[in-house]
S.K.: 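Let me give you the structure first, and then I'll get to my questions.
Protein chains get the first letters and strands the later ones, always in sequence-line order, with residue 1 at the start of each.
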There are 2 protein chains.
Amino acid sequence: MAGGPEDKRRLILDAAVRVFAREGYHDARVGDISKEAGVAYGLVYHYFTSKEAVLEAVFRETWGLMLTAIRGVEERGGPAPDQLRRVCAIVLRSWRDDPDLVRVLVREVARSPQIQREIDEIEQAFAALERIVERGQEEGTFTRDLSARMVALMLYGALEEILTGWVMSQLPDDDDAVAEAERTIVALFAQGLCR
Amino acid sequence: MAGGPEDKRRLILDAAVRVFAREGYHDARVGDISKEAGVAYGLVYHYFTSKEAVLEAVFRETWGLMLTAIRGVEERGGPAPDQLRRVCAIVLRSWRDDPDLVRVLVREVARSPQIQREIDEIEQAFAALERIVERGQEEGTFTRDLSARMVALMLYGALEEILTGWVMSQLPDDDDAVAEAERTIVALFAQGLCR
DNA sequence: TCGAGTCGATTGACGAGTCAATCGGGCGCC
DNA sequence: GGCGCCCGATTGACTCGTCAATCGACTCGA
């Protein structure tokens, strides 16, 4: 099993993340991926039906993990603002955990023509955020004046833009900055700007 | 002059917006653009050095107008929350004004590998938002606890995500919804969620 | 006559995807 | 235990369609 087929698949997938992060999906050649993985060109097609399928697998597997983590927050329960904070922490910390992966997701998937916004999967992330906001409204912590769906969208956009800022190095991204981003987004969405 | 060269250039540019909106940049053929514009294939290359240059011109000219409008808001002055509201109105209403253009900007430019985030131009939009937030902090309307730059980024992301929601039809986009989006984003950033 | 503006068939590069050949290790049979 | 067969894993040279970009010809007003 140590040399089983799944290993090569993972090898290719991990290599693809590095290559896509380095070159971008469009400029990345399938040959670059096989080379980076140390396998033959054709093997990529043994495990994936196309170059796009490789990107899709990267997205699907990562996104699945993220959704699971978010659902974990929901199940653990607690006050809505706390849940929001924990979700933001998960999303923002992913940058420290695997910058290449975040780079690929932000640049190629978030709004890409390839994988035109795996609507379904991304919708589930919105839905989770929306549920948390709704729960806050029901428990009376959050105002009912704002549409939970729209707030969820804006929260998602704010998080994505912070990650993008890091990917594009428009924003410092040391540990302090990551912690500050967490603090800022929670404070902003909870209390707003006005003093 | 009615048949002067600038006319054909505009013709091509406008056609390109429609074609990119319809097909996406990658799938759009240069021939599609010339056909849509009703000019010969080669003429596209008379006015632009490459297909990518066409997209870039679309971005640059539109973004210029938007920056001018935002600077207009700044110059007109007034309380920071008001300025924020006016900027949001400009951005969000652009969807009603020219959906094709917004579709292209959101899908192809915002995070694209082509025109890799015309860093400079987009930075100026961030900077304008940042200045407005800072002014609010100086006049004492906004809390000084949050980094103006980060807030600017989050605001930008929230706006972009709303537009994206419309582009991807994940969000109703009738006149009422546009008005509600304006109200929601201003209320959220000013007061936050907590009651 | 001149050249700016216009035309569109041609081309040449390029890279995704194919496929036939080879490898290798598990398994049954002697 | 050892031999050899079988089949999936692996290889990489090659094919083949696709466009972006070029370029030489044509038009027409000055």
S.K.: Would you say that A/R9 contacts A/I12 through its side chain, given a criterion of any heavy-atom pair below 4.5 Å between the two side chains?
M.R.: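 No. Closest side-chain heavy atoms not under 4.5 Å.
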
S.K.: In whole Å, I'd like the distance from the CG atom of B/L11 to the P atom of C/dT6.
M.R.: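 Whole-Å distance recorded here is 10 Å.
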
S.K.: Starting from P on C/dG15, measure out to NZ on A/K35 and report it in whole angstrom.
M.R.: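 One finds 13 Å between P of C/dG15 and NZ of A/K35, rounded.
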
S.K.: What is the separation between atom CZ on B/R9 and atom P on C/dT6, rounded to the nearest whole Å?
M.R.: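 Whole-Å distance recorded here is 13 Å.
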
S.K.: C/dG3 P sits how many Å from B/H46 NE2, rounded?
M.R.: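 From B/H46 NE2 to C/dG3 P: 15 Å.
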
S.K.: Without swapping roles, check the side chain of A/E130 against the backbone of A/V151 for a donor-acceptor pair under 3.5 Å.
M.R.: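 Checked: no pair found.
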
S.K.: Can you identify which nucleotide, out of C/dT6, D/dT11, D/dT10, has its nearest atom closest to the A/V39 side chain?
M.R.: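 Of the candidates, D/dT11 comes closest.
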
S.K.: Do B/R71 and B/Q124 pair up side chain to side chain, a donor and an acceptor below 3.5 Å, judged on atom types alone?
M.R.: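 Note: B/R71 and B/Q124 side chains meet the donor-acceptor criterion.
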
S.K.: Rounded to whole Å, how long is the line connecting atom CG of A/L43 with atom C1' of C/dT22?
M.R.: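 Rounded to whole Å, this separation is 14 Å.
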
S.K.: State, yes or no, whether a side-chain contact exists between A/L84 and A/L155 at a heavy-atom distance under 4.5 Å.
M.R.: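 With C-beta onward as the side chain, the pair touches.
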
S.K.: If the cut-off is 4.0 Å, is B/K8 near the phosphate of C/dG5, judged by side-chain N/O to OP1 or OP2?
M.R.: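 No, B/K8 has no side-chain N/O under 4.0 Å of OP1/OP2 on C/dG5.
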
S.K.: Could you state the atom-to-atom distance from CD1 of B/I12 to C1' of C/dG8 in whole Å?
M.R.: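 The distance from CD1 of B/I12 to C1' of C/dG8 comes to 14 Å, rounded to the nearest Å.
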
S.K.: Give, for atom CG of B/L171 and atom CD of B/E180, the distance between the pair rounded to the nearest 0.5 Å.
M.R.: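 Result: 8.5 Å between the selected atoms.
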
S.K.: Sugar-phosphate atoms are those with a prime plus P, OP1 and OP2; base atoms are the rest. Using that split, label each nucleotide of nucleotides 13-23 of chain D B, S or - for protein heavy atoms under 4.0 Å, 5' to 3'.
M.R.: B-----SBBB-

S.K.: Could you tell me whether the side chain of A/F142 reaches within less than 4.5 Å of the side chain of A/P81, counting heavy atoms only?
M.R.: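 The answer is yes, as the side chains (C-beta and beyond) meet within the 4.5 Å cut-off.
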
